[in-house]
**Q** 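Handing you a structure now.
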Amino acid sequence: MKGWTGKVLRIDLSKKKYAVQEISYDLAKNYVGGRGFAIKILWDELKPGTDPLSPDNKLILASGPLNGITIPNAGKMVVAAKSPLTGGYGDGNIGTWTSIHMRKAGYDAIIIDGASDKPTYIYIEDEKVDFLDASEIWGLGTYETEKKLMEEHGKNVGTLLIGPAGENLIKYATIRSMEGRSGGRPGMGAVMGSKKLKAIVIRGTKEVSNIAEPEKVKEMTQQLYKEIQKAENYEVWMRQGTMLVHAWCQENSVLPTYNFREGVFEDADKINGDAMERVRVKLRGCPLCNMQCGHTVLELNGMESELDYENVGMLGSNIGLGDLTKVATLNRLADEYGIDTISLGSNIAFAMEASEKGLIDEKIEWGDFEKAKELTRQIVYKEGLGALLADGVKVASEKIGHDSKNWAMHVKGLEISAYDCHYAPAMALAYGTSPIGAHHKDAWVITWDVKTGRDKYVREKVEKVIEFQRIRGGLFESIVACRLPWIELGISLEWYPRFLTAVTGTSFTLDDMFTVADRIYSLIRAFWIREYGGNWGRHMDTPPARWFKEPLTKGPFAGKHLDPEGYEKLLSMYYEIRGWNEQGIPKRSTLEKLGLSDVAAELEKYVKLE
Ligand code: PTT
Ligand code: SF4
């Protein structure tokens with residue numbers, strides 16, 4: 001086959017063995033790559049009920065046909081496993097040279113199984129895999145770890161690594177790469193830690209040569225780089241990147257503030273994109289990108305800290321902190337430890353609210369930077385109050401009880417990213433139905449929600465959520481490329497099936513890609529249901545009670561809250577369009593239509609199918 005390498009590298013850390021396995025053309029065509037490969041492997045191979053932090057969990061590193069060649073913004077990769085935070089499917093999309101080196105080494109994906117009995121890292125060079133001693137780097141922060149790995153193996157490698165948070169099995173530890181990149185919000189770093197795997201270093205020395213139409217791909221690549229640079233929004237984007245959205249969020253009352261109680265923050269202008277631009281020191285980003293968006297500023301100790309909107313939303317207004325340098329300091333700390341900034345911000349805010357309400361003994365006030373910093377350390381080392389928060393807000397609320405589950409801001413156990421949805425029903429539905437828990441990546445519909453009538457609970461909104469999920473969660477996560485050229489610069493979506501067709505020689509239209517996306521979505525859904533069995537239901541797709549029961553008290557939309565009946569209506573429409581039943585379980589006919597008859601047969605062992 002063309003385009004795909006057709007090979008998967010399997011590594012068994014328990015036995016320190018590895019093997020190469022071929023994948024079929026049908027699998028490649030039906031799942032394309034990235035998230036598609038990850039869920040197919042996890043569904044086929046993971047025994048239901050597997051403890052995510054046991055050696056039996058599998059860590060999947062998956063690329064797509066666009067990786068390893070110079071196509072713009074394709075320096076990305078999917079990292080996936082059963083999530084220790086949610087108990088369901090978990091993944092993340094990380095910018096890294098690993099994606100490129102993995103394909104150059106000859107693999108579409110790597111599956112890491114088992115666990116080492118002592119700290120280890122893996123060095124892969126083409127066909128060769130070495131299991132190396134990591135005792136000297138175990139315990140180090142991510143910056144120091146990466147530096148030492150590069151000193152040892154040179155700079156021409158891809159790295160994926162964890163910090164102390166992953167080592168200590170903090171359930172929202174992430175995987176890090178290239179200093180600024182972080183991926184796998186639902187605890188992919190903890191899965192590495194449970195395998196005593198500090199890092200993966202990979203060098204691919206070959207070229208990805210089996211491209212169906214190499215000249216065409218080359219020509220299109222040059223054209224797209226130019227088109228990106230000429231885009232109308234290019235200059236504005238280059239000034240602030242994702243931080244552009246901060247001021248918009250404040251204006252539209254969706255900036256997460258005081259644990260998502262409010263959508264406006266009194267000190268918003270001290271931590272927005274303009275504030276960042278005034279002190280910015282550098283621009284960084286993923287490989288193969290000419291619209292880089294990682295803006296760094298100096299934190300309190302003079303170190304660089306890379307600010308994206310989510311980081312500032314969750315470690316700024318959401319914990320009541322209106323000082324950019326202090327936000328940057330917490331952000332750098334999170335990167336150093338290898339812990340997700342979104343979940344961290346949510347857990348700190350949860351502690352602040354619990355303290356305010358007298359539900360915990362510790363005193364930690366809104367905006368208290370020193371205590372937030374110390375709490376971050378305590379979370380990573382599971383000390384004091386940190387031990388309560390190391391498994392996420394869902395578990396913390398189950399432990400402290402009272403009404404805290406109403407304001408433990410998560411869906412399916414994954415903390416909500418930085419958009420308040422008191423008055424944004426489509427975005428609430430996007431969080432509710434995201435396939436990994438409350439992440440914005442699959443359907444960032446908030447600007448559309450605001451533009452088209454925030455009081456409306458109508459079918460059009462549901463259709464938009466599904467359209468975005470198909471594009472963002474399906475197309476971009478399987479090919480695998482950054483979606484920001486399309487979202488931020490208005491680059492036409494048609495580029496991507498055209499690239500895919502020219503690379504693989506298999507004809508893909510946008511509609512074909514949406515069928516792949518629907519297949520991936522229903523299979524991810526089946527995975528969750530198999531894990532949750534009888535405990536599955538609509539509640540799994542419902543955001544926390546705060547947004548329904550506690551209206552905003554500040555800003556232009558004071559008094560607004562989500563309408564529970566309206567939300568139920570949206571959810572029912574969502575299930576109907578997806579071909580799932582009233583509990584969100586795929587119908588047999590839907591699975592069959594997507595070529596998943598075997599999945600229907602397996603799922604029937606766990607729930608009744610319609
Ligand atoms: C992503 C999530 C995001 S989404 C942000 S900021 W964003 C946070 N970044 C963190 C960080 O930094 N350090 C840290 N310790 N934790 C962090 N947690 C948060 O993680 C990221 C960019 C961004 S920046 C976005 S929107 C886009 N996301 C894409 C995606 O999901 N898919 C895709 N095909 N393209 C995307 N392009 C953009 O990539 P997760 P990255 Mg990330 C420091 O991984 O798990 O999905 O969580 O990968 O390489 O850092 O790029 O305003
Ligand atoms: Fe990476 Fe940003 Fe470029 Fe996307 S736009 S590839 S996230 S640097």
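Counting from 1, the numbers follow the sequence of the chain as shown. Note that these values count all heavy atoms, side chains included, but never hydrogens, waters or copies made by symmetry. Atoms within each ligand, like the ligands themselves, are counted from 1 in listed order.
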**Q** Can you pull out every ring-ring contact (aromatic ring centres under 6.0 Å, His included) where at least one residue sits in residues 282-334? Sequence neighbours excluded, please.
**A**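 Output for this query lists His246-Tyr309, Tyr309-Tyr419.
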
**Q** Could you list which atoms of ligand 1 come closer than 4.0 Å to a heavy atom of His440?
**A**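 Atoms satisfying the 4.0 Å criterion: 4 (S), 26 (S).
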
**Q** Would Arg185 and Asp91 pass as an ion pair if we require N to O under 4.0 Å?
**A** no

**Q** Quiz question for you: does at least one protein heavy atom lie closer than 4.0 Å to atom 14 (C) of ligand 1?
**A** yes

**Q** Strictly under 6.0 Å, is that where the ring centroids of Phe508 and Tyr496 end up?
**A** no

**Q** Tell me how many protein N, O or S atoms are closer than 2.8 Å to atom 2 (Fe) of ligand 2.
**A** 1

**Q** For atom 1 (C) of ligand 1, which candidate among Glu306, Lys441, His439, Glu310 holds the nearest heavy atom?
**A** His439

**Q** Give the minimum heavy-atom separation between Asp391 and Leu85, together with the two atoms involved.
**A** O-CD1, 3.4 Å

**Q** Hey, is ligand 1 close enough to Ala481 that some N/O pair sits below 3.5 Å?
**A** yes

**Q** For ligand 1, find out whether one of its N or O atoms is nearer than 3.5 Å to an N or O atom of Thr174.
**A** no

**Q** Check salt bridge (charged side-chain N to carboxylate O under 4.0 Å, His left out) between Glu167 and all other residues, then give those that pass, not counting sequence neighbours.
**A**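 Glu167: salt bridge (charged side-chain N to carboxylate O under 4.0 Å, His left out) contacts with Lys198.
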
**Q** Keeping to residues at least two apart or across chains, list the salt bridge (Lys or Arg N to Asp or Glu O under 4.0 Å) pairs with something in residues 317-330.
**A**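 Those involving residues 317-330 do not exist here.
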
**Q** Select the closest option to atom 42 (Mg) of ligand 1 among Gly183, Ser478, Ser182, Gly285, judged by heavy-atom distance.
**A**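 Among Gly183, Ser478, Ser182, Gly285, the closest heavy atom to atom 42 (Mg) of ligand 1 comes from Ser182.
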
**Q** Looking only at heavy atoms, is any part of Lys76 under 4.0 Å from ligand 2, and if so is it the side chain, the backbone, or both, or is it neither?
**A** side chain

**Q** Report yes if some N/O of Gly92 lies less than 3.5 Å from some N/O of ligand 1; otherwise report no.
**A**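 There is no such contact.
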
**Q** Between Arg181 and ligand 2, find which residue part has any heavy-atom pair under 4.0 Å and reply side chain, backbone, both or neither.
**A** side chain

**Q** Does the pair Glu383/Arg377 count as a salt bridge with the N-to-O cut at 4.0 Å?
**A**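 Yes.
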
**Q** Give the residue and atom name of whichever protein heavy atom lies nearest to atom 22 (C) of ligand 1, and the separation in Å to one decimal.
**A** Lys76 NZ, 3.8 Å

**Q** Hey, is ligand 1 close enough to Asp340 that some N/O pair sits below 3.5 Å?
**A** yes

**Q** With a 4.0 Å cut-off, would you call Asp308 and Arg181 a salt bridge?
**A**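 Looking at Asp308 and Arg181, the cut-off is not met.
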
